[in-house]
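Inspection log for the structure reproduced underneath, given as structure tokens.
In this text the structure is predicted, and so the values were computed from the model without any measurement.
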Amino acid sequence: MNEKVELTPAQAEEMRLALKEMGWALAHLRNFYNLSKTEDAPVADDPNQLKLFDQ
């Protein structure tokens, strides 16, 4: 299961571009969210957030 996979230069370039564009898309989605939320909107509770302490 620990096989090392070698990418071709073309595959590596496509992966690099995909990761770069995902970062770009996330940044724009974050900006859209920040522009769309209202001042009195509650903070979104992330169910995946690790909670170390019960309050």
Worksheet, complete the sentence: By side chain to side chain contact (heavy atoms under 4.5 Å, CB included), Leu29 pairs with (sequence neighbours left out) none

Worksheet, complete the sentence: Hits for salt bridge (charged side-chain N to carboxylate O under 4.0 Å, His left out) against Glu13, two or more places apart or cross-chain, chain-then-number order -> Arg16

Response to the item:
With sequence neighbours left out, the residues meeting side chain to side chain contact (heavy atoms under 4.5 Å, CB included) with Thr38 are Asp40, Ala41

Practice prompt. Tell me, please, which residues at least two apart from Thr8 pass side-chain hydrogen bond (donor to acceptor under 3.5 Å, both in side chains).
Written response: Gln11

Can you give me every donor-acceptor pair (side chain of residues 17-26, partner residue at least two apart or in another chain, under 3.5 Å) with its distance?
residue, atom, partner, partner atom, Å
Trp24, NE1, His28, NE2, 2.9

Response to the item:
Residue set satisfying side chain to side chain contact (heavy atoms under 4.5 Å, CB included) with Asn34, at least two apart, ordered chain then number -> Arg30, Lys37

